[in-house]
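Structure, as structure tokens:
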Amino acid sequence: MMEKEWTMIIRPQEKLWKVNLGEIWAYRDLIELFVKRNIVVQYKQTILGPLWYLIQPILTVIMNMVVFGGIANMSTDGVPQALFYMAGNVCWFYFSDCLNQTSSTFVTNQGMFGKVYFPRMVVPISTVLSNLLRFGIQVGLFVVFWLYYFATGSNISLNWTILLVPILVLMLAGLGLGFGVLISSFTTKYRDLTILFTFVVQLWMYATPIVYPISMVTNETLRTIIMLNPMTSIIEAFKYATLGQGYFSWGALGYSFAFMSILLVWGIVIFNKVQRSFMDTV
């Protein structure tokens, strides 16, 4: 009898911290399908469809201008309010979308995970990639606002740190992916943690200098706490690069990058551990 030659051999994950990038690359067609699915399903059977990509940031900026700029009269360091708020919101939306959508990876895809094998990390990775489309559209809207205010003589300017924007986006994606897979692993067994994490993310936004500049925080203890937030240096660096106003520090960015790297490793370890037996739990 002829010997059978297997084209694929599935082995158990030996090292929890290991990610088989070659296997994930082999499933790049599946990642592409998931990306298309995420984009289509998100606004399927809606009246305005992808226009929500633009409506959400515009409505959020208007609310920020009324509440924080009008009622609270918070400073924006001389930058037009609409542009200042949009710069922070665009970054935060991408991070929070990646976090919230990947945080339900196991629960949302349990039916598919129980029927067919593929690298489980394909799902959160495709989520991060699909959110890049939304981020790109909102950045395009930000550019339109920027050009308008620049043409009207507003106090805004670009500088060399604009070259770091791709790295800042990578850090946003890494933090969203890291926190997402970590939370997904915890909520597989303890479903009520989903409510807690949703509340924490909402509070987290106000602990990040989105609607206020870090220069406004004069209390040293409070400023230190805010700077320990890994999102702070990224948001401030983006504002500094695109508006010419903000706080830029190599040390702060280095801290955020190190935080992201450790978080990704930890998240992958927990994710790999949970995926071995999550079908018995969900």
Side-chain angles (χ1 to χ4, degrees), residues 57 60-61 64-65 68-69 74-99 128 131-132 135-136 138-151 153-179 204-264:
T60 303
V61 166
N64 291 157
M65 292 175 66
F68 300 103
M74 287 186 176
S75 170
T76 57
D77 281 347
V79 177
Q81 290 183 355
L83 205 57
F84 180 87
Y85 296 137
M86 185 165 289
N89 282 318
V90 163
C91 295
W92 180 261
F93 285 155
Y94 179 60
F95 163 74
S96 61
D97 285 344
C98 292
L99 192 160
V128 171
N131 283 328
L132 279 175
F135 177 74
Q138 293 179 349
V139 167
L141 179 65
F142 171 75
V143 170
V144 172
F145 273 67
W146 191 95
L147 291 174
Y148 168 77
Y149 282 107
F150 181 77
S154 298
N155 183 29
I156 56 175
S157 61
L158 300 177
N159 54 69
W160 67 270
T161 54
I162 194 72
L163 299 176
L164 298 177
V165 168
I167 298 177
L168 298 180
V169 175
L170 179 64
M171 293 170 67
L172 290 173
L175 287 171
L177 178 62
F179 278 113
W204 191 353
M205 185 185 72
Y206 296 103
T208 306
I210 297 173
V211 296
Y212 59 88
I214 193 66
S215 60
M216 183 179 173
V217 184
T218 56
N219 184 284
E220 288 298 326
T221 302
L222 185 58
R223 185 184 178 92
T224 301
I225 294 175
I226 293 177
M227 290 304 300
L228 287 176
N229 175 2
M231 286 292 295
T232 297
S233 62
I234 301 175
I235 298 288
E236 284 292 308
F238 184 81
K239 289 180 179 179
Y240 181 79
T242 56
L243 305 178
Q245 301 290 338
Y247 175 77
F248 179 82
S249 168
W250 285 111
L253 281 178
Y255 160 75
S256 295
F257 190 85
F259 188 101
M260 177 204 68
S261 301
I262 296 173
L263 176 67
L264 276 176

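Please read all numbers here as calculations on a predicted model, not as lab measurements. If you read the sequence from its start, that first residue is 1, and numbering goes on from there.
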**Prompt:** Do Ile214 and Met227 have side chains that get closer than 4.5 Å, going by heavy atoms?
**Reply:** yes
**Asked** Taking atom CE of Met205 and atom CG of Asn229, what is their separation to the nearest 0.5 Å?
**Response** 12.5 Å
**Request:** For residues Val90 and Leu141, determine if any side-chain heavy atom of one lies less than 4.5 Å from a side-chain heavy atom of the other.
**Result:** no
**Message:** Quick check for you: to the nearest 0.5 Å, what is the distance between Leu168 atom CG and Leu253 atom CG?
**Reply:** 6.5 Å
**Message:** Could you report the tightest heavy-atom contact between Met171 and Ile234, atom names first, then the distance?
**Reply:** CB-CD1, 3.8 Å
**Fill in**
CZ (Phe84) and CG (Asn89) are apart, to the nearest 0.5 Å, by 10.0 Å
**Prompt:** Taking it one step at a time, do Phe142 and Thr242 satisfy side chain to side chain contact (heavy atoms under 4.5 Å, CB included)?
**Reply:** CA-CA 10 Å; Phe142 171 75; Thr242 56; 3.7 Å; yes
**Heavy-atom check, side chain of Phe238 versus side chain of Leu172, under 4.5 Å** = no
**Fill in**
When rounded to the nearest 0.5 Å, the distance separating OH of Tyr240 from OG of Ser233 is 14.5 Å
**Asked** Hey, are the side chains of Trp146 and Leu243 touching, using non-hydrogen atoms and a 4.5 Å cut-off?
**Response** yes
**Fill in**
Correct closest heavy-atom pair for Ser75 and Met216 would be N-SD, 4.5 Å
**Request:** Compare all side-chain heavy atoms of Leu175 with those of Leu99 and state whether any distance is below 4.5 angstrom.
**Result:** no
**Asked** Between atom CG of Leu177 and atom CE of Met260, what is the distance when rounded to the nearest 0.5 Å?
**Response** 10.0 Å
**Fill in**
In terms of heavy-atom contacts, Trp160 and Leu164 come closest through CZ3-CD1, 4.3 Å
**Ring geometry between Trp250 and Phe248 (parallel below 30°, tilted from 30 to 60°, perpendicular above 60°)** = perpendicular
**Prompt:** What closest approach, in Å, do Cys91 and Ile235 show between heavy atoms, and which atom pair accounts for it?
**Reply:** CB-CD1, 3.3 Å
**Fill in**
Closest non-hydrogen atoms of Tyr149 and Ala82, given as atom of the first, atom of the second and distance, are OH-CB, 3.6 Å
**Asked** Does any non-hydrogen side-chain atom of Tyr85 lie less than 4.5 Å from one of Thr60?
**Response** no
**Message:** Donor-acceptor pair, distance only, cut-off 3.5 Å: does the side chain of Thr76 make one with the backbone of Gln81?
**Reply:** no
**Request:** Give me the ring orientation class for Phe95 and Trp204: parallel if the planes are under 30° apart, tilted from 30 to 60°, perpendicular past 60°.
**Result:** perpendicular
**Message:** Tell me whether the rings of Tyr94 and Phe135 are parallel (<30°), tilted (30 to 60°) or perpendicular (>60°).
**Reply:** tilted
**Prompt:** What distance do Thr232 atom OG1 and Tyr255 atom OH have between them, rounded to the nearest 0.5 Å?
**Reply:** 8.5 Å
**Request:** Please name the pair of heavy atoms, one in Pro166 and one in Ile162, separated by the smallest distance, quoted to 0.1 Å.
**Result:** CD-O, 4.2 Å
**Prompt:** Is there a donor-acceptor contact under 3.5 Å from the side chain of Lys239 to the main chain of Ile210?
**Reply:** yes
**Prompt:** Would a distance-only check, ignoring hydrogens and angles, find a side-chain to backbone donor-acceptor pair under 3.5 Å from Ser249 to Gly251?
**Reply:** yes
